[in-house]
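Heavy-atom basis, side chains included; hydrogens, waters and symmetry copies ignored.
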Amino acid sequence: MRLLLIHSDHIEYEARKKTKVAEEVAVPKDALDEALAVFCAVESVDEENIEDSVRQAADEIVTTARQLGTTNIMIYPYAHLSSDLSSPEAAVSALKGIEEALKANGEFVVKRAPFGWYKAFSLTCKGHPLSELSRTIVPGEGGAAAPKKEIQHEFFVLTPEGERRDAAAYAGEKTPFAALVRKELGYPNPDGSEPIHVDLMRAKELVDYEPRADVGNHRWMPRGKLIRDLLSDYVLARVLEYGGMPVETPVMYDLADKAISEHAAKFGERQYRFKSGNRDMMLRFAACFGMFSIMHDMHISPNTLPMKLYELSTYSFRHEQKGEVIGLKRLRAFTMPDMHTLCRDVDGTLTAFEEQLAMGWKSGEDLETPLVGVFRCTRDFYDQYELWVKELVAKSGVPMLIEVLSDRVHYWIAKVDLAAIDAQGRPIENPTVQIDVESSNRFDIKYYTPEGTEVHPPILHCSPTGSIERVICAMLENTAAQEVPSFPTWLAPTQVRLVPVAERHVCFAEEISARLNAACIRADVDDRDESVNKKVREAGMDWVPYVVVIGDQEAETGRLTVTIRKLSEKKKPYKETMSEDELIQAVKMETAGKPFRQLYTPRQLSRKPRFI
RNA sequence: GCCGCUGUGGCUUAGCGGUAUAGCGGCUGAUUCGUAAUCAGCAGGUCGGGGGUUCAAGUCCCCCCAGCGGCUCCA
């Protein structure tokens, strides 16, 4: 919305002729002295949230009027302030909204010139410094948010044994769960230091900030890209085992689509917006839209339910406030594994919820990022399904924080969030499962019962691991607690580093690395003209899980002395002598059942460029 | 977005009114080495960007950008 505010001695208008969009009920002629004239153009962007634009505009006008010490306000529709106007209906509703809001305030005399007429007007401007002001208003930005419905939150803890405990009783403990409870209950976190992963993500040549992009859009270097891809492979494997069907959908959507704009506006989250030609577009904040659109267009038989669609949402875009964006924890562009399950009925939904929560817990184990959980639902849901919730906690085998909301505010009626805890005791929310009771209606996703009744069933949203970036964040944060930090071997960018003692050993080392590579192990050779000491040191700094020095001894006997990082202590490397086959077996055992990809960096370290 | 702190070669950093310090890294040469830094030489900086104060500005002031902490927020 565009506003032009003019402090005038006198303003008067007279409606002369109707346009096609003229307001019928109107005051055809009027005038006001000592008035603030408010010329106003309602824009297409205002239609996303008319109420908010009206609120902001009214606030702005009240502030200005008070500053000027005037109590007379004339609202005057003036389309020429913008080249991107809203629909006439929206404009009239906004103008009336502003008029009512100002009248409701009680301190002003408010008049409004009619919309959609050719009008003659005359205006004098006082000409002092504040007498001419212009304002641009965008819904959802600036000012205090419109008052939300008062929601009561009740927190308590359920134990696997089914006991209900006071949440505050857990807050004092030194466990990861206690950290989650403190955060949810709003306790302050005294440790305000920089998260360790921010340094590590760059120092280990994984990810970096990209100053040429927007805030929170990162660049990935080969080692980080490899870890990302392996984690993506991991989620895909779990989803396929579970019966999910991978799809891929667009990253941008047209806001003129009612379902899209409703969904987007309802959650009021900051979005990336842009124009494509004359279409207002948004970047997706998850893969929901694309999959819902597929479901909408499908012929759905209840016999094929539950139906699970999966997409690795590369990327999901959320225009988070700048001050909230940090490292790998909170981004504006991130990669979210996103599965949607179209269920048949409530029973099917609850069953699938359990299965998917189990996937979330399992990912915590598989990825070595210990998780803690909070289950959230509405009061209605809890009253009806209390036994099921207790069973869910029992199956999880750990105490869970329960949050009961007095009313439904989002599209979900129940959800579970699993979180890792960072080195400062702050939760990193990751896997999630949610029961969505709105989207099948909004996107008209339906099936027919044998009796011919139309059913808009519940849809589960599930991210089995949470965002890939946050998984890496959690792993890096975990290393703070490790005496000898490392990645799980299946994710290590280099799994075996061969360190030739002298140049004459390089060839032998390369033969070994070739055989290891052929056995699907990421092995590289430090063929640089450096001392053994230095090469071993740098292998350590690269967190390489298996380091093998190759010299005359090895060439003669074929036996390898392997330094195993996992079994080493600080300044006390653990070494074991083994054959090449035994080394292969050791790595294979450790990485069994996990995805594999070849090295993303040159096998010869002398050929590897430095990124940082 | 708000409040606060920070911003010096690729990295880590010294300097805090008189046109810039070192180490690592890079390059070149020597060295061919047995489990966490071999030695020497060389190159590399519009001190985050813009404006201002001053004879003189990484150094003081203002604006902007970015990073971090806190707040707010987080489908």
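Rounded to whole Å, the C1' atom of G15(B) lies 11 Å from the corresponding atom of A22(B). C16(B) and C2(B): their P atoms are spaced 33 Å apart (whole Å). Taking atom C1' in both C71(B) and U8(B), one finds a spacing of 31 Å when rounded to whole Å. Nucleotides C60(B) and G45(B) have their P atoms positioned 25 Å apart, rounded to a whole Å. For the P atoms, the distance from G70(B) to G10(B) is 30 Å, rounded to whole Å. The gap from the P atom of U53(B) to that of U46(B) amounts to 25 Å, rounded to the nearest Å. Atom name P, nucleotides C24(B) and A57(B): the rounded distance is 33 Å, in whole Å.
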ask   = RNA chain B in dot-bracket, Watson-Crick or G-U pairs under 3.5 Å, [ ] crossing, | other strand?
value = ((((((((.[[[..)..(...]]].(((((.......))))).....[[[[[..)....]]]]])))))))....
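Following rounding to the nearest Å, Asp199(A) (CG) and G67(B) (C1') show an atom-to-atom distance of 11 Å. Between Ile326(A) atom CD1 and C71(B) atom P there is a gap of 13 Å when expressed in whole angstrom units. Atom CZ in Arg219(A) sits roughly 12 Å away from atom P in G67(B) (whole-Å rounding). In this structure, CG of Asp417(A) is placed 13 Å from P of C74(B), rounded to the nearest angstrom.
The side chain of Tyr209(A) sits closest to G67(B) out of U32(B), G67(B), U38(B). Among U35(B), C73(B), U32(B), the nucleotide with an atom closest to any side-chain atom of Arg504(A) is U32(B). Taking the side chain of Val215(A) as heavy atoms from C-beta on, and the options G67(B), U32(B), G1(B), the nearest nucleotide is G67(B). Of the candidates U32(B), C73(B), G34(B), the closest approach to any side-chain atom of Glu503(A) belongs to U32(B). Nearest to the side-chain atoms of Gln553(A) among the listed nucleotides A37(B), U35(B), G34(B) stands G34(B). Nearest nucleotide to the side chain of Asn533(A), out of U38(B), C68(B), G34(B): U38(B). Comparing A36(B), C73(B), C68(B) by their closest approach to the side chain of Pro195(A) singles out C68(B). The side chain of Val198(A) has C68(B) as its nearest neighbour among C68(B), C73(B), C33(B). Of the candidates U35(B), G67(B), C33(B), the closest approach to any side-chain atom of Pro573(A) belongs to U35(B). Here the nucleotide nearest the side chain of Val549(A), chosen from C73(B), C11(B), G34(B), is G34(B).
Residue Lys534(A) has a polar side-chain atom (N or O) positioned under 4.0 Å from OP1 or OP2 of G25(B). For G70(B), the OP1/OP2 oxygens have a side-chain nitrogen or oxygen of Arg426(A) closer than 4.0 Å. Phosphate contact (OP1/OP2 of U35(B), side-chain N/O of Lys535(A), threshold under 4.0 Å): absent.
Ionic pairing of Glu262(A) and Arg442(A) is present here: one or more N-O contacts between side-chain nitrogen and carboxylate oxygen are shorter than 4.0 angstrom. The pair Arg376(A)-Glu429(A) meets the salt-bridge criterion, since a charged nitrogen lies less than 4.0 angstrom from a carboxylate oxygen.
Screening Glu576(A), Glu554(A), Gln553(A) for a side chain to side chain contact (heavy atoms under 4.5 Å, CB included) involving Leu560(A) leaves a single residue, Glu554(A). Of the candidates Thr494(A), Val499(A), Val562(A), Val547(A) forms a side chain to side chain contact (heavy atoms under 4.5 Å, CB included) with just one, namely Val499(A). Evaluated for a side chain to side chain contact (heavy atoms under 4.5 Å, CB included) with Val484(A), the options Lys572(A), Arg565(A), Lys571(A) yield exactly one hit, Arg565(A).
The backbone N or O of Glu43(A) sits less than 3.5 Å from a side-chain atom of Asp46(A), completing a donor-acceptor pair.
Between the side chains of Tyr546(A) and Glu590(A), a donor-acceptor pair is found at a separation under 3.5 Å. A donor atom on one side chain and an acceptor atom on the other are found under 3.5 Å apart for Asp527(A) and Ser606(A). Side-chain polar atoms of Tyr315(A) and Asn217(A) form no donor-acceptor pair below 3.5 angstrom.
Taking syn as a glycosidic angle within 90° of 0, G58(B) qualifies as syn.
Between the base of G1(B) and the side chain of Glu320(A) there is no donor-acceptor pair shorter than 3.5 Å. Contact annotation: side chain of Arg270(A) to base of C74(B), donor-acceptor pair absent below 3.5 Å. Taking 3.5 Å as the limit, the base of C11(B) and the side chain of Arg202(A) contain no donor-acceptor pair of atoms between them.
Not less than 6.0 angstrom separates the ring centroid of Phe443(A) from the ring centroid of His296(A).
Other residues, nucleotides and ligands place more than 12 heavy atoms under 6.0 Å from the CD atom of Gln482(A).
Of the residues in residues 602-612 of chain A, those lying under 4.0 Å from RNA chain B by heavy-atom distance are Arg610(A), Ile612(A).
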